[in-house]
Every structure is written in structure tokens, then in C-alpha cells.
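In what follows, chains are A, B, ... by sequence order, proteins preceding strands, each numbered from 1.
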There are 2 protein chains.
Amino acid sequence: MNTSTDARGRLVAAAQEMFAAQGVGATSPRQVLAASGVGQGSLYHHFPTKHDLAAAAVGATVADALAAARRDLDDAPDGDRTDALARVVAYLERPRDALAGCKVGRLTSDQAVMDDDGLRDVVTAYFVRLLDAVAATLRDAGLPEGAARDRAHAAVAIVQGGYVLARATGDPDAMRAAVRGFVTLLTDNPEETA
Amino acid sequence: MNTSTDARGRLVAAAQEMFAAQGVGATSPRQVLAASGVGQGSLYHHFPTKHDLAAAAVGATVADALAAARRDLDDAPDGDRTDALARVVAYLERPRDALAGCKVGRLTSDQAVMDDDGLRDVVTAYFVRLLDAVAATLRDAGLPEGAARDRAHAAVAIVQGGYVLARATGDPDAMRAAVRGFVTLLTDNPEETA
DNA sequence: GTCTATAGTTGGATAGAC
DNA sequence: GTCTATCCAACTATAGAC
């Protein structure tokens, strides 16, 4: 892994950027190639098919996204009950490029991803782990299992739906309004029902 | 409008179905043509370009979706305060084909739609009107302007995000869990803050 | 490991007969 | 208004020189 790592790395980085901007299906290997600055032979040497390139790029993007979420959610070393709900709120309110859409969530309506078992599984794993992490934090906040899972689903849905609203209306404030509406309800109801 | 209406209608219906299933960008005029059963000449007679076909199909899909939402939200002829919140809950809990994704929401990550001013405007108008309708119903329920708008954004985001979660996890219950988590909070907090 | 050249397919769109 | 035949560009991928 000397000069080859560089070409490979540049290809993956370029692919991540283009996939985020315009989706996997709509991005051709040729475009990635042009953006990365490497030659055509290099691309097909490191990634024999488009699937291989997509797997590397999507895997890297998912790993980044999950790490970012965990930085918000797993902040406290001990189980601090009062702080746990604040960590979920911090996750919800983290500044996001709303008009760009979620790099991972957008893949769920990308035909090229959902038709490929390997890629779809990576996306599935991301959301399963994210939901688990949010639910665990809500249990730390004192919520019973059922309510924690339901509210975790709601929290992640708010973020994903916020992206959709922002893109649809062309207004980043649409996402912030959705988060605000949900956070107000969430923080006023910290621990009843299931 | 005699036999031509039939061919045109079948083309639009086929396009709506295929766009919903696999997106606009991923659907070729040739596929629509094959699914509709009409000949190639017919397609290009009624719709000179793919844009024209997409505009007709997306317009029809958006009109259907908005009408469905209004059936849930505008149910009462007078301003029934206690009933209004129930109408929003009915909108949220309406059975949906969660694994298929939202026919309109998915368009927001479709490059072919967002790059086309005409198509994007149709999608934007749908969400603006939907948000207005939900917010109006929440004001009927007694919420002040600011809270009504924020919670309307949250409600629509829950539905859109619910679709994303269901598709991502391959589990229709993921959407139901998100709706349940939100509805529980919403119905316990009918009218404070802004 | 990287390059240029090119194969084979499908994309969107048009021509011209009927 | 509808048909078949066809054009050209872009796509994914391969071949073979360096």
C-alpha cells in the first residue's frame, strides 16, 4: 500500500462526494474517475465493477455517519440520567446540511443501492445501530423499553423527514421547525406511558 | 379526445407506477412504453420528451396524494376543536405502504426531478400545501401559530422519516413505531408553549 | 499499477411509412 | 395517431500496451 493506496483513497473520496450529491445510480464510474483525477485503468484495477466502488464508498460514508451520531449520544462515561435526554436533544439539534439531504437516508430511494443485497445490508445495519443507540440513550434517561424504542424511531424519523422537508421546500428552516416541534414535546414528557 | 385519450391515459398510469417503484431517473421511456402496451410512436406523439411525460405523471401523483391528505385533515365542516387533533392523528396513522416509500417524498432524492425546475416546483408545492393543511388543523385544535407550524413540520417529517426507516430496515413496523412515539407525545401535550 | 482504445448495451429521441 | 426502423450519445466493462 504505497502509491496505490493514494489512488484508491482518492477514488473512494470522490465517489463518496458524488454519491452524496447525486446518488449512486446517477453517478457513473466515468464521473468518479474524472473527479478523482486518476486514470481509467486505475479505477478498474482497484474496483473491477461499479458495485465494488459503491461498496467501498457507501461503507465509508456509513461508518462516518454512525461515528458522528455516537459522538452526540454516548457522550457521558457513566449513566447520567438527567444528561441522557439532553444528549438525544443534542443529536436532534446538531447542525446539518439540510438541503443536501442525509448521505445515508437518501440511499433508501436509490434503486442502485436497494437492488444490491450487499449495499442494502450496509444501509440497514446503519439504521438498526442508530435506532439502538438512540433507544439506549432514552432508556438511560429513564424511559421504559417500549416508549424508548418508539421515541427513538420518532427521533430518527424527525431527522430523516426533516431532510426531506428541507429539500422539498428548498428551505433549511423546514428541518429546524420539525426538530423544534418534536423536541418541545419530548422534553415536556420525559417519562410517562408505554 | 377519443382513442388518443386512452393511449395517453395508459402512458401516464404506467409512468406513475414505474416512477413510484423505481424513481423518475431510473425509469426509461422505453420501459414505460413496454408497460403501457402502446407503441413507441404514440409515446413521442403525446409526450415529445421524457420531461413532458414526467410532468404529467408527477402532477397526477401529487394531486392524488394531496387529495388523500385533505380527506383526513379537512373532515369536519365546522371548526370542531376537540375533533381537530384527532384528524391529525388520523392522518398520521393512516395505513401506508411503508416499504414502497412515499410516492412524492422519494422524488426529493431523485436527481431527474430536482434538476428540473418544473418538476421540482410541483414537489415543493405539494409539501407547502400539506404543511399548511396540517398547521391549519392544529390551529383548529387550539394551538397558537408558532406551535402549530412547528408541530405540523414534525408531523409531516414523522411520516416521511417513517417511510425512510421502514425501507431502510425492511420493516413496515418501523414506520408505525415512529408514528406511535410521536402521537403519544402529541396527544399528551395538546396546547402549551410556542 | 496505470494508461489508451474500444467493445457491447442501453439511454433519449427522430424519421418517415401507414 | 400510431407504427417500425434507426440515429447518436453515454453507460459499464474489457483488452492489451507501457
Visitor: Below the 4.0 Å mark, does C:dT2 have OP1 or OP2 next to a side-chain nitrogen or oxygen of A:His46?
Guide: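 Yes.
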Visitor: Strictly under 4.0 angstrom, non-hydrogen atoms only: write out the protein contact profile of nucleotides 7-18 of chain D, one letter per nucleotide from the 5' end, B, S or -.
Guide: ----BBBB----
Visitor: Which heavy atom of A:Asp72 sits nearest a heavy atom of A:Arg87, and at what distance?
Guide: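 Scanning both residues, the minimum pair turns out to be O-CB, 3.5 Å.
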Visitor: Send over the distance from B:His45 NE2 to D:dG1 P, rounded to a whole Å.
Guide: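 Distance, rounded to whole Å: 4 Å.
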Visitor: Run the side-chain donor-acceptor check on residues 56-66 of chain A: report pairs under 3.5 Å with partners two or more places apart or on a different chain.
Guide:
unit_1	atom_1	unit_2	atom_2	d
A:Thr61	OG1	A:Gln16	NE2	2.9
A:Thr61	OG1	A:Ala57	O	3.1

Visitor: Measure the CG-CD distance between A:Leu143 and A:Glu145 for me, rounded to the nearest 0.5 Å.
Guide: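 Output value for this atom pair is 10.5 Å.
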Visitor: Just to verify, what does A:Ser109 make a side chain to side chain contact (heavy atoms under 4.5 Å, CB included) with, not counting sequence neighbours?
Guide: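 Result, side chain to side chain contact (heavy atoms under 4.5 Å, CB included) vs A:Ser109: B:Arg106, B:Ser109.
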Visitor: Mind calculating the distance between CG (B:Leu33) and P (C:dT10) to the nearest angstrom?
Guide: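 So the CG-P distance, B:Leu33 to C:dT10, works out to 16 Å.
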Visitor: Measure from the side-chain N and O atoms of B:Thr108 to the backbone N and O of A:Arg167, and report whether any donor-acceptor pair falls under 3.5 Å.
Guide: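 The answer is no, because no donor-acceptor pair under 3.5 Å joins these two groups.
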